[in-house]
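Down below is the structure, laid out as C-alpha cells.
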Protein chains: 2
Amino acid sequence: MMKKKIIDLATKLFMKQGYLATSTRQIAKELNITQPALYHHYKNKEQIYIEVLKNFSDEIGINMHQIIESEPDTEQALINICKYLQQTHPMNFSMMMHDMNHELDETTLREIFVIWQKNYFYYFEQLFERLNHTHDLFFSPKQISSHFLRGLSAYIVGESEKSMTPELPIEEFVKIFLHGVIKK
Amino acid sequence: MMKKKIIDLATKLFMKQGYLATSTRQIAKELNITQPALYHHYKNKEQIYIEVLKNFSDEIGINMHQIIESEPDTEQALINICKYLQQTHPMNFSMMMHDMNHELDETTLREIFVIWQKNYFYYFEQLFERLNHTHDLFFSPKQISSHFLRGLSAYIVGESEKSMTPELPIEEFVKIFLHGVIKK
DNA sequence: GTCTATAATAGGATAGAC
DNA sequence: GTCTATCCTATTATAGAC
C-alpha cells in the first residue's frame, strides 16, 4: 500500500523537521519514487500533512484509551501515558502547533482540533476527573488537564533540543505536577 | 542606524514566524529597502539570525537582573519575570530552540548557548537558590530552575497557538509550580 | 548605503507518455 | 502507478553602477 508508506514516512519527516523544512522531493526520494508520483496519491503537500496529523492522532487515542483502561491507579496511568507520548512523538510538540496554525487554513485547523480533543484532551480530562473524586484540587479537572498537557508538551521535544536544557525524568514531572495541584 | 533597524524588525519576524518562514525579502520590504541592501550590513541570513538571538538575549538578561534586584520576595520576583518574558517574547520559545538546532552550525550553537546560560538560566538558578534557603525543596536549585524554564517555555507561545489549549494566568502557573517543588 | 540586474538553487505542482 | 519533462514561483546571494 503506497498511500500508507507515504504517510508513515511523511509522519517521521514532518515530526522531526517541521512542515516547511520537509520537501515533497525528500519524501519521494526516501521512498524511491519520483516527486510527481506523490501527486497521484495526494492532491498536494498540505493534504499529506493533514493525513499525517489525523492518522497520528487516531493512533494516539487508541493507545491512550488502552493505557487508561489497564491501569487503575491514576498517578501511574498518567506516568504511563507520558512515557508513551514521550517515546512515540518523534517530534517537537510546540512546533507542530505552530506549523498547524501557520500552514493550514482555518477550516482544516478546526477539523483537526476536534480530532485532537477526542484523542488527547479527552483522556487527560478523564484522568483528572478521576483524581478529583479522591483528592482536593486547586482547579477544575478541565483547567488542570489543559495545564498538564501544556507542561507535558515542553517534555515532548526532538532529540537535538534535549541537550539544551536538561530534563527531569518524566515520572518526576508528573509527581511534581500532582503535588502542585493537590491541596494540603 | 540601519543595522539596528534591521535587527529590530528581524527579531519581530523571526520570533513570530520562525527562521524558515521569514524571508530576507520580507525583512527588506518592511524596511522599505531592497533585499540586496541587507547584504551590505550582514553577510547572510544566518548572521542576521545570530545577531537577533544575541541581542535579544542580552536585553532579557539586563531586565531579569533588574527585576530580581528590585523584588525581594522570591515568589513575586518569579511571577514578575514570567510576566515580563511572556509579554516580551513575541514568539514560540520551543520553535526558536528547534530553529537554532536545525539552522545553526554547532560552533555558533554553543556560543549562543553560553549567552543564554548567562542571561536566562543563571537568574532562575539564583532565584531558586534563594528559595532553597527558606524552604525544603524536592530537587536541587539547578534541576528545579531547568524544569521551571522548560515548563515556562510552554507558556511562551505565539498568539495563534494560544487558542488551541487555554492557558492559566501565569501567576497560577508559578504558584502551582512552587507548591509542587516545595516539601510539606 | 542603496539600487538594478541577475545568477543559482530549490520548492510545489502539472501535462502527458508508458 | 510511476516516469520524464517542464513550469512557475520563491528564495538566498552576488556583481557592479550610482
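Here is how names work: the chains are called A, B, and so on, in the same order as the sequence lines, proteins then strands, and each is numbered from 1.
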Legend entry - Listed partners of B/Lys4 passing salt bridge (charged side-chain N to carboxylate O under 4.0 Å, His left out), at least two apart: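 Partners of B/Lys4 under the salt bridge (charged side-chain N to carboxylate O under 4.0 Å, His left out) test: B/Asp8.
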Results of side-chain contact (heavy atoms from CB on, under 4.5 Å) for [X] - residues two or more places apart only:
| X | result |
| --- | --- |
| A/Glu51 | A/Ile7, A/Tyr42 |
| A/His40 | none |
| A/Ala154 | B/Arg150, B/Ser153, B/Ala154 |
| B/Tyr122 | B/Gln126 |

Legend entry - Sub-4.0 Å heavy-atom contacts from residues 22-31 of chain A onto DNA chain D, ordered by number: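 Residues of residues 22-31 of chain A under 4.0 Å from DNA chain D: none.
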Inset, instruction - Identify the 5'-most and 3'-most nucleotides of DNA chain D with at least one atom closer than 4.0 Å to a non-hydrogen atom of chain B. - result: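 Reading along DNA chain D, I get D/dT11 to D/dT14.
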Inset, instruction - For residues 56-74 of chain A, pull every pair meeting side-chain hydrogen bond (donor to acceptor under 3.5 Å, both in side chains), keeping only residues two or more places apart or in separate chains. - result: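 Pairs touching residues 56-74 of chain A that pass the test: A/Ser57-A/Asn119, A/Asp58-A/Asn119, A/Asn63-A/Tyr84.
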Legend entry - Pairs where residues 131-140 of chain B contributes a residue and the test side-chain hydrogen bond (donor to acceptor under 3.5 Å, both in side chains) is met, not counting sequence neighbours: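 As it turns out, the side-chain hydrogen bond (donor to acceptor under 3.5 Å, both in side chains) pairs with a partner in residues 131-140 of chain B, which skip direct neighbours, are B/Ser140-B/Gln143.
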Inset, instruction - Test A/Leu152 against every option in A/Tyr120, A/Phe173, A/Phe93 by the side chain to side chain contact (heavy atoms under 4.5 Å, CB included) rule and name the one that passes. - result: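 Only one option passes, and that is A/Phe173.
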Legend entry - Summary of salt bridge (charged side-chain N to carboxylate O under 4.0 Å, His left out) pairs that have at least one residue in residues 111-131 of chain A, sequence neighbours excluded: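 For residues 111-131 of chain A: A/Lys54-A/Glu111, A/Glu125-A/Lys142.
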Inset, instruction - Mind jotting down which residue pairs meet the salt bridge (charged side-chain N to carboxylate O under 4.0 Å, His left out) criterion with at least one end in residues 97-107 of chain B? Sequence neighbours excluded, please. - result: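 Every pair satisfying salt bridge (charged side-chain N to carboxylate O under 4.0 Å, His left out) with a residue in residues 97-107 of chain B: B/Glu106-B/Arg110.
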Legend entry - Residues from residues 39-49 of chain A lying under 4.0 Å of DNA chain C - heavy atoms: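 Contacts with DNA chain C under 4.0 Å: A/Tyr39, A/Asn44, A/Lys45.
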